[in-house]
Colleague: 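Below are the structure tokens for one structure; questions will follow.
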Amino acid sequence: MPETVSSLAVEADGLHKRYGATIAVDGISLSVPAGEIFGLLGRNGAGKTTTVELIAGLGRPDRGTVRVLGLDPWRDRVRLRQLLGVQLQDAQLHAALTVVELVRLYRSFYRSPRETDELIESVGLAGSRHVRFDKLSGGEQQRLSIALALAGRPRVVILDELTTGLDPEARRQMWSTLESLRESGVTVLLVSHAMEEVERLCDRVALLDAGKVVALDSPAGLVRRAGFAQRVRFRAAEPVPGGLLERLDEVDRVRSDGGEVVVEGHGDLLQAVSVALVRAGVVATGTRVERATLDDAFLALTGRPLDREEAGR
């Protein structure tokens, strides 16, 4: 196995990329150690796909530098091709070739590829091995592109919208595959807008907005930045006395939302709110507790919610 020049799997420093009048990437810097699943999360147009294209050597930054396993992905693309696997959301494959033919073709690009049957079975396509690419469903095409990205036993793999179009069973299978890759020391850059996926898989996440990194932390760390640990929601049969809940040590904020009272805070918030309401003679119905999520963090840090229907650049 070749020696790496750097202890980091991926280093990006001050990346800039402009398409005409549009600045797609505006000074992005990232450092990703080996064996980490690193997530890129952002709205459509935030710069996620452009960033990973620059890291993969599929585009050249206007300014800034990139190193993958110590190699320049633009100048050292031949060497890097043996170490890097890439699955992009809009990748196009030869329509007339079957699953097994495409896997065999991609295996021929590498010195020590994974076995054909192993690749096909790892993404749940054993029953479709002789089906042409253009006859596969969207989800099956996605699974095949993932298998091809893993064909060369990469040390770094880039996955763009990993589970888009996959059914729940296939999604869980892909998650298990990524967890196995991490256990074997493979570094994964995961572009995703699926919050559950990011929270489960990623060691750290960069939130991108307008081509910039607005926050970088573990999923739990980003959630803490949302400004509260939990919410209690309830409906009251009569108005809640002013200041009753605001005075509680556990309460950070009280607001109304569609007829519900929403209390944001920390600690044993539910008990504190419940006791205060009982003592004041306020009857609460429909009470439920919500924990802060990456959705909350994204809204708090960018000022806008993440639209799950959006993906891509």
Colleague: Do you see a donor-acceptor pair shorter than 3.5 Å between the side chains of D160 and T49?
Modeller: yes
Colleague: Report the C-alpha distance between D26 and R18 in whole Å, list the side-chain angles of each, state the deciding distance to 0.1 Å, and finish with yes or no for salt bridge (charged side-chain N to carboxylate O under 4.0 Å, His left out).
Modeller: CA-CA 8 Å; D26 189 8; R18 177 190 292 270; over 6 Å; no
Colleague: Determine which pairs satisfy salt bridge (charged side-chain N to carboxylate O under 4.0 Å, His left out) with at least one residue from residues 238-250, sequence neighbours left out, and list them in order.
Modeller: none
Colleague: Show which side-chain atoms of residues 31-42 pair as donor or acceptor with protein atoms under 3.5 Å away, not counting sequence neighbours.
Modeller:
unit_1, atom_1, unit_2, atom_2, d
E36, OE1, R204, NE, 3.1
E36, OE1, R204, NH2, 2.9
E36, OE2, R204, NE, 3.0

Colleague: Of V52, V86, L178, L189, which meets side-chain contact (heavy atoms from CB on, under 4.5 Å) against L159?
Modeller: L178
Colleague: Is V282 isolated, or which residues cluster with it under the ILVMFWY side-chain rule of less than 4.5 Å, directly or via members?
Modeller: V232, F234, V240, L244, L245, L248, V251, V254, V261, V263, L269, L270, V273, L277, V289
Colleague: Without hydrogens or angle criteria, can the side chains of H193 and E161 be said to hold a donor-acceptor pair below 3.5 Å?
Modeller: yes
Colleague: Applying salt bridge (charged side-chain N to carboxylate O under 4.0 Å, His left out), run through D296 and R291 and close with a yes or a no.
Modeller: CA-CA 9 Å; D296 299 307; R291 303 293 177 183; over 6 Å; no
Colleague: Does D13 come within less than 4.0 Å of R67, counting only side-chain N to carboxylate O?
Modeller: no
Colleague: Tell me whether W74 is reachable from L84 by hopping between hydrophobic residues (I, L, V, M, F, W, Y) whose side-chain heavy atoms are closer than 4.5 Å.
Modeller: no
Colleague: To which residues is V78 joined in a hydrophobic cluster, defined by side-chain heavy-atom contacts under 4.5 Å among Ile, Leu, Val, Met, Phe, Trp and Tyr, whether direct or through other members?
Modeller: none
Colleague: Around R60, counting heavy atoms of other residues, nucleotides and ligands shown, do more than 12 lie under 6.0 Å from its CZ?
Modeller: no
Colleague: Thinking salt bridges, do R200 and E179 make one under a 4.0 Å N-O criterion?
Modeller: yes
Colleague: Verify salt bridge (charged side-chain N to carboxylate O under 4.0 Å, His left out) between R224 and D217, making sure each step is shown before the conclusion.
Modeller: CA-CA 10 Å; R224 285 193 294 272; D217 208 330; 5.2 Å; no
Colleague: For R288, give me all partners under side-chain contact (heavy atoms from CB on, under 4.5 Å), at least two apart in sequence or on another chain.
Modeller: R233, E260, E290
Colleague: Check the pair R132 / E101 against salt bridge (charged side-chain N to carboxylate O under 4.0 Å, His left out), numbers first and verdict last.
Modeller: CA-CA 9 Å; R132 288 177 19 166; E101 288 169 341; over 6 Å; no
Colleague: Determine whether more than 12 heavy atoms belonging to other residues, nucleotides or ligands lie under 6.0 Å from atom CD of E118.
Modeller: yes
Colleague: Under 6.0 Å from the CZ atom of R63, do we count more than 12 heavy atoms belonging to anything else shown?
Modeller: no
Colleague: Name all residues meeting the side chain to side chain donor-acceptor pair (under 3.5 Å) criterion together with R75; count only those two or more places apart in sequence or in a different chain, and write none if there are none.
Modeller: D72
Colleague: At what distance, to the nearest 0.5 angstrom, does OG1 of T51 lie from CG of L30?
Modeller: 7.0 Å
